[in-house]
Amino acid sequence: ERHARSLLTVKEPMKQIELKDFLNYKFLSNVTVSPDGTSCVFTTTQCDEENNTYTTNLSMWKDGNTIQLTSSGKDNSPMYLDNQTILFKSSRDTKAQEKVKNGEEVSCYYTLSLLGGEAQKAFDLPLNVTKIEHIQGNLYIFSASYNQDYSIFGREDQKDALLKAKKENKDYEVFTKIPFCHNGAGYTKNTVSRVYLFNSESKEITPLTCDDNHVSTFTLNKDHSEVLIISHKLTKKPSRKMAVCTYHFESKEWTSLIKEDEMVVQGAHYFHDGILLIGNKELKHGQNENGRFYFINKNHEITLLNDNTL
């Protein structure tokens with residue numbers, strides 16, 4: 001008892017948190033597991049006080065050890081192409097930086113062997129890509145923000161006029177729709193998230209969704225034969241309810257699972273031989289209604305799994 005008391009008396013007080021602790025803090029994101037499950041890569045982000053920005057680098061965890069893979073401070077969003085190769089997004093390209101400074105949209109991707117060596121340029125995409133997945137071979141699917149007023153993709157013949165209008169209007173925004181901004185994204189007037197197919201060999205980019213349809217998220221099934229998409233129409237006052245559909249890559253057929261006026265969809269994922277969905281129809285408690293779990297089988301029949309009305 002006397003020894004325990006002496007330990008308590010010599011214990012130093014907890015150090016107070018200082019501002020520099022937040023600047024030195026590193027937070028992780030984009031954790032991706034290798035196909036064989038033996039390693040994972042992730043993005044490490046840290047404040048850069050001198051340049052008033054954030055640095056992002058890639059690291060790998062394997063066999064209980066963490067290894068830093070990149071150090072440019074401009075790398076993020078890694079994904080495995082196979083067990084030994086990753087694809088990642090980077091803004092290290094000086095030519096791309098000049099394009100962005102000029103008002104253009106561009107996303108640069110690199111490959112990196114986890115066995116060693118330098119990162120190699122894979123391809124550039126003329127859009128602000130938010131998510132990309134590898135389907136198979138040279139085929140990818142990605143989502144990107146598309147501004148109806150200023151995005152150049154698909155309107156290359158109007159490039160000079162679009163860039164001029166963007167620069168002339170950069171100091172103010174006219175709000176005509178809600179929501180007009182999002183945390184982290186800034187002002188989002190006339191901006192939608194669209195889904196595209198990309199062939200890295202031919203460089204062909206094919207839009208899957210329209211420029212008035214905002215995609216919340218997309219998910220590939222296990223064998224990468226189709227994609228599940230949650231979206232809603234871009235209107236002056238969008239509904240909280242969303243549509244759920246699938247697109248089959250080989251047949252190029254769309255299948256509607258949930259119509260846009262049916263329910264508020266909070267998430268949907270492939271599960272076994274069907275789709276697990278959480279959502280509500282706002283019948284009893286409006287927007288405060290909790291989500292219910294549904295299962296959509298391969299015949300597109302919907303079954304309510306729980307009758308939670310709280």
> Considering the options Thr255, Asn221, Val244, which one meets the side chain to side chain contact (heavy atoms under 4.5 Å, CB included) requirement together with Leu228?
Replying inline: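 Of Thr255, Asn221, Val244, side chain to side chain contact (heavy atoms under 4.5 Å, CB included) with Leu228 is met by Val244 alone.
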Approximate separation, where rounding is to 0.5 Å, of [X] [atom1] and [Y] [atom2]:
X      : Y      : atom1 : atom2 : answer
Thr32  : Tyr80  : OG1   : OH    : 7.5 Å
Ser90  : Tyr110 : OG    : OH    : 5.5 Å
Asn76  : Leu58  : CG    : CG    : 7.5 Å
Leu197 : Ile205 : CG    : CD1   : 10.5 Å
Arg292 : Met263 : CZ    : CE    : 9.0 Å
Lys203 : Leu125 : NZ    : CG    : 8.5 Å

With a 3.5 Å distance limit and no angle check, can you tell me whether [X] reaches the backbone of [Y] through a side-chain donor-acceptor pair?
X      : Y      : result
Gln158 : Ile152 : no
Thr191 : Tyr146 : no
Asp21  : Ile17  : no
Asp223 : Ser225 : yes
Ser77  : Phe88  : no
Lys159 : Glu156 : no
Asp82  : Gln84  : yes
Ser151 : Phe153 : no
Asn128 : Glu105 : no
Ser193 : His214 : no

Side chains of [X] and [Y], heavy atoms from C-beta outward: is any pair under 4.5 Å?
X      : Y      : result
Leu163 : Glu104 : yes
Asn30  : Pro78  : yes
Ser231 : Val215 : yes
Thr38  : Lys62  : yes
Val265 : Leu277 : yes

Can you name the closest pair of heavy atoms from [X] and [Y] and give their distance?
X      : Y      : result
Asn57  : Gly73  : OD1-N, 2.7 Å
Lys89  : Val129 : NZ-O, 2.6 Å
Ala268 : Ile275 : CB-CG2, 4.2 Å
Ala144 : Leu127 : CB-CB, 3.8 Å
Thr45  : Thr43  : OG1-CG2, 3.9 Å
Gln148 : Asp211 : NE2-O, 2.7 Å

Using only heavy-atom distances, determine whether the side chains of [X] and [Y] contain a donor-acceptor pair under 3.5 Å.
X      : Y      : answer
Asp75  : Thr56  : no
Ser143 : Tyr196 : no
Asn51  : Asp48  : yes
Thr85  : Ser113 : no
Tyr172 : Asn169 : yes
Asn102 : Lys167 : yes

Within a 6.0 Å radius of atom [atom1] on [X], are there more than 12 heavy atoms belonging to other residues, nucleotides or ligands?
X      : atom1 : value
Glu49  : CD    : no
Lys26  : NZ    : no
His269 : NE2   : no
Asp36  : CG    : yes
Glu250 : CD    : no
Lys166 : NZ    : yes
Glu18  : CD    : yes
Phe293 : CZ    : no

>> Cation-pi check for Phe218 against Lys131: NZ or CZ below 6.0 Å from the six-membered ring centre and within 45 degrees of the axis, yes or no?
In response: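 Yes, a cation-pi geometry.
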> Do Thr44 and Leu28 pass the side-chain contact (heavy atoms from CB on, under 4.5 Å) test, and can you show the C-alpha distance, the side-chain angles, and the key distance before you say yes or no?
Replying inline: CA-CA 5 Å; Thr44 302; Leu28 311 183; 3.6 Å; yes
> Do Lys121 and Asp93 sit within salt-bridge range, that is, some charged N less than 4.0 Å from a carboxylate O?
Replying inline: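 Between Asp93 and Lys121 there is a salt bridge, with a charged N closer than 4.0 Å to a carboxylate O.
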> Can we say Glu262 and Lys241 salt-bridge, meaning some charged N sits less than 4.0 Å from an Asp/Glu carboxylate O?
Replying inline: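 Salt bridge: no.
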Atom pairs and distances, donor-acceptor, side-chain atoms in residues 133-142, under 3.5 Å, two or more places apart:
| unit_1 | atom_1 | unit_2 | atom_2 | d |
| --- | --- | --- | --- | --- |
| His134 | NE2 | Gly137 | O | 2.8 |
| Asn138 | ND2 | Glu201 | OE1 | 3.1 |

Please check if [X] and [Y] belong to a single hydrophobic cluster, counting links between Ile, Leu, Val, Met, Phe, Trp and Tyr side chain heavy atoms closer than 4.5 Å.
X      : Y      : result
Ile258 : Tyr294 : yes
Leu87  : Leu220 : no
Ile278 : Leu276 : yes
Leu305 : Ile296 : no
Val31  : Trp61  : yes

>> Using 30° and 60° as the class boundaries, would you call the ring planes of Phe249 and Tyr247 parallel, tilted or perpendicular?
In response: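 Plane angle over 60°, so perpendicular.
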> What's the verdict on side-chain contact (heavy atoms from CB on, under 4.5 Å) for Ile86 and Leu114, showing C-alpha distance, side-chain angles and the deciding distance?
Replying inline: CA-CA 7 Å; Ile86 61 171; Leu114 299 179; 4.1 Å; yes
>> I'd like to know whether Asn297 forms a side-chain contact (heavy atoms from CB on, under 4.5 Å) with Thr303, so could you lay out the CA-CA distance, the side-chain angles of the two residues, the decisive distance to 0.1 Å, and finally the verdict.
In response: CA-CA 8 Å; Asn297 64 24; Thr303 303; 5.6 Å; no
> Given the rule in the salt bridge (charged side-chain N to carboxylate O under 4.0 Å, His left out) test, do Lys233 and Glu260 qualify, once you have shown the distances and angles that lead to the verdict?
Replying inline: CA-CA 8 Å; Lys233 288 289 185 181; Glu260 189 167 336; over 6 Å; no
>> Using the rule given for side-chain contact (heavy atoms from CB on, under 4.5 Å), can you reason through Glu226 versus Tyr270, listing the C-alpha separation, both sets of side-chain angles and the distance that settles it, and then say yes or no?
In response: CA-CA 10 Å; Glu226 71 176 28; Tyr270 286 99; 2.9 Å; yes
